[in-house]
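Read the structure below first, then the notes.
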Amino acid sequence: MFQIVFYESEDGKQPVSDFLDSLDGKMAAKMIGLMEILEEKGTELRLPYSCSVGDGIFELRCKQGTNITRVLYFFFVGRRIIITNGFIKKTQKTPPNEIKTAKYRRDDWIKRHKEADKQDGGD
């Protein structure tokens with residue numbers, strides 16, 4: 001079993017929580033259900049639910065009626081899945097700025113959590 005963690009900025013903001021709160025009830029419930037499946041399956045989850053968008057970033061794919069939402073995530077040490085950002089999909093391809101945001105937040109997360117591990121005596 002994996003553990004899902006929402007990315008949190010240094011000032012304590014959780015953009016994924018804000019994104020989920022912005023969705024209508026059915027879409028939010030469906031996305032949360034998919035996150036629970038992701039926690040169970042982890043790296044085994046594949047299309048149509050999950051796919052790689054490159055460079056260690058993956059997208060969780062959710063469709064409710066004609067609405068399509070995605071959340072981007074990466075895998076981290078200790079069977080953790082870090083959800084970095086979410087968006088409503090309006091184009092065929094995943095918007096490059098969303099992937100860029102996910103990579104930036106991944107790098108930020110890793111930098112801050114590696115430092116925390118060192119302070120805790122880990123490597």
Side-chain angles (χ1 to χ4, degrees):
M1 186 93 168
F2 287 76
Q3 176 192 10
I4 285 185
V5 178
F6 290 169
Y7 169 84
E8 187 173 310
S9 63
E10 236 172 328
D11 61 2
K13 292 183 180 159
Q14 286 190 340
V16 177
S17 291
D18 294 340
F19 172 71
L20 291 173
D21 289 345
S22 75
L23 298 175
D24 71 61
K26 283 185 179 180
M27 181 63 87
K30 191 163 185 179
M31 182 57 82
I32 289 167
L34 284 173
M35 286 183 193
E36 290 171 356
I37 293 169
L38 178 60
E39 276 188 313
E40 287 176 31
K41 303 284 186 186
T43 55
E44 303 295 314
L45 192 63
R46 301 278 193 265
L47 284 172
Y49 305 110
S50 175
C51 73
S52 171
V53 294
D55 197 22
I57 303 293
F58 297 85
E59 71 177 2
L60 190 61
R61 306 155 61 100
C62 186
K63 186 173 183 180
Q64 174 67 37
T66 58
N67 298 323
I68 300 170
T69 58
R70 301 283 192 260
V71 294
L72 300 181
Y73 64 94
F74 65 94
F75 292 95
F76 192 68
V77 179
R79 298 180 67 84
R80 286 179 278 178
I81 299 168
I82 313 305
I83 308 284
T84 58
N85 52 311
F87 60 96
I88 296 171
K89 193 162 184 216
K90 298 183 188 294
T91 61
Q92 191 67 20
K93 293 189 93 168
T94 301
N97 64 320
E98 295 292 345
I99 296 171
K100 185 177 177 181
T101 297
K103 289 178 181 180
Y104 170 81
R105 290 179 179 166
R106 176 191 60 196
D107 295 347
D108 176 58
W109 176 274
I110 290 170
K111 177 182 171 232
R112 289 189 289 125
H113 287 78
K114 279 190 175 178
E115 289 172 8
D117 286 346
K118 285 180 186 174
Q119 290 172 0
D120 290 341
D123 285 291

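Taking the ring centre of Phe2 as origin, the terminal cationic atom of Arg79 falls inside the region bounded by 6.0 Å and 45° from the ring axis.
When atom types are taken as modelled, the side chain of Arg70 and the backbone of Glu59 share no donor-acceptor pair closer than 3.5 angstrom. A donor-acceptor pair is defined here as one N or O able to donate and one able to accept, closer than 3.5 Å; such a pair exists between the side chain of Lys89 and the backbone of Gln92. Distance alone, capped at 3.5 Å, places no donor-acceptor pair between the Asp108 side chain and the Ser9 backbone.
Taking all atoms of both residues into account, the shortest heavy-atom contact from Phe76 to His113 is CZ-CB, 4.0 Å. Taking every heavy atom of both residues into account, Gly86 and Glu98 meet most closely at O-OE1, 4.2 Å. Residue Gln64 comes nearest to Met27 through the heavy atom pair CB-CE, 3.5 Å, listed as atom of the first residue, atom of the second, then distance.
Rounded to the nearest 0.5 Å, atoms NZ (Lys63) and NZ (Lys30) are 9.0 Å apart. Distance OG1/Thr43 to CG/Leu38: 9.5 Å, rounded to 0.5 Å. Rounding to the nearest 0.5 Å gives a distance of 14.5 Å between CG of Leu72 and NZ of Lys100. Rounding to the nearest 0.5 angstrom, the gap separating the CG atom in Asp18 from the CG atom in Asn85 is 12.5 Å. Atom CD of Gln14 sits about 10.0 Å away from atom CG of Asp21, to the nearest 0.5 Å.
Both Leu34 and Val71 are members of a single hydrophobic cluster when ILVMFWY side chains are connected at heavy-atom separations under 4.5 Å. Under a hydrophobic-cluster definition in which Ile, Leu, Val, Met, Phe, Trp and Tyr are linked whenever side-chain heavy atoms come within less than 4.5 Å, directly or via other members, Ile81 and Ile37 are assigned to the same cluster. Linking Ile, Leu, Val, Met, Phe, Trp and Tyr residues whenever their side-chain heavy atoms come within less than 4.5 Å leaves Phe58 and Phe87 in two separate clusters. In this structure, Leu23 is a member of the same hydrophobic cluster as Ile4, with clusters built from ILVMFWY side-chain heavy atoms closer than 4.5 Å. Note on Tyr104 and Ile57: separate hydrophobic clusters, where clusters join Ile, Leu, Val, Met, Phe, Trp and Tyr whose side-chain heavy atoms are under 4.5 Å apart, directly or indirectly.
Remark: Thr101 engages no residue in a side-chain hydrogen bond (donor to acceptor under 3.5 Å, both in side chains) (not counting sequence neighbours).
Looking at heavy atoms from C-beta onward, Arg105 lies in side-chain contact with Pro15 at the 4.5 angstrom threshold.
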- Output, in order, the C-alpha distance, side-chain angles, deciding distance and verdict of side chain to side chain contact (heavy atoms under 4.5 Å, CB included) for Met35 and Tyr73. CA-CA 11 Å; Met35 286 183 193; Tyr73 64 94; over 6 Å; no
- Message: Walk me through whether Leu60 and Met31 qualify under side chain to side chain contact (heavy atoms under 4.5 Å, CB included).
- Response: CA-CA 8 Å; Leu60 190 61; Met31 182 57 82; 4.0 Å; yes
- Decide side chain to side chain contact (heavy atoms under 4.5 Å, CB included) for Glu8 and Lys13; before the verdict, give the C-alpha distance in whole Å, the side-chain angles of both, and the deciding distance to 0.1 Å. CA-CA 5 Å; Glu8 187 173 310; Lys13 292 183 180 159; over 6 Å; no
- Item | Chi angles and distances behind the side chain to side chain contact (heavy atoms under 4.5 Å, CB included) call for Leu47, Arg61 | CA-CA 9 Å; Leu47 284 172; Arg61 306 155 61 100; 3.8 Å; yes
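With respect to the salt-bridge test (charged N to carboxylate O, under 4.0 angstrom), the residues Asp24 and Lys26 do not qualify.
Ring-plane geometry between Trp109 and Tyr7 is classed as tilted, the angle between the planes lying from 30 to 60 degrees on a 0 to 90 degree scale.
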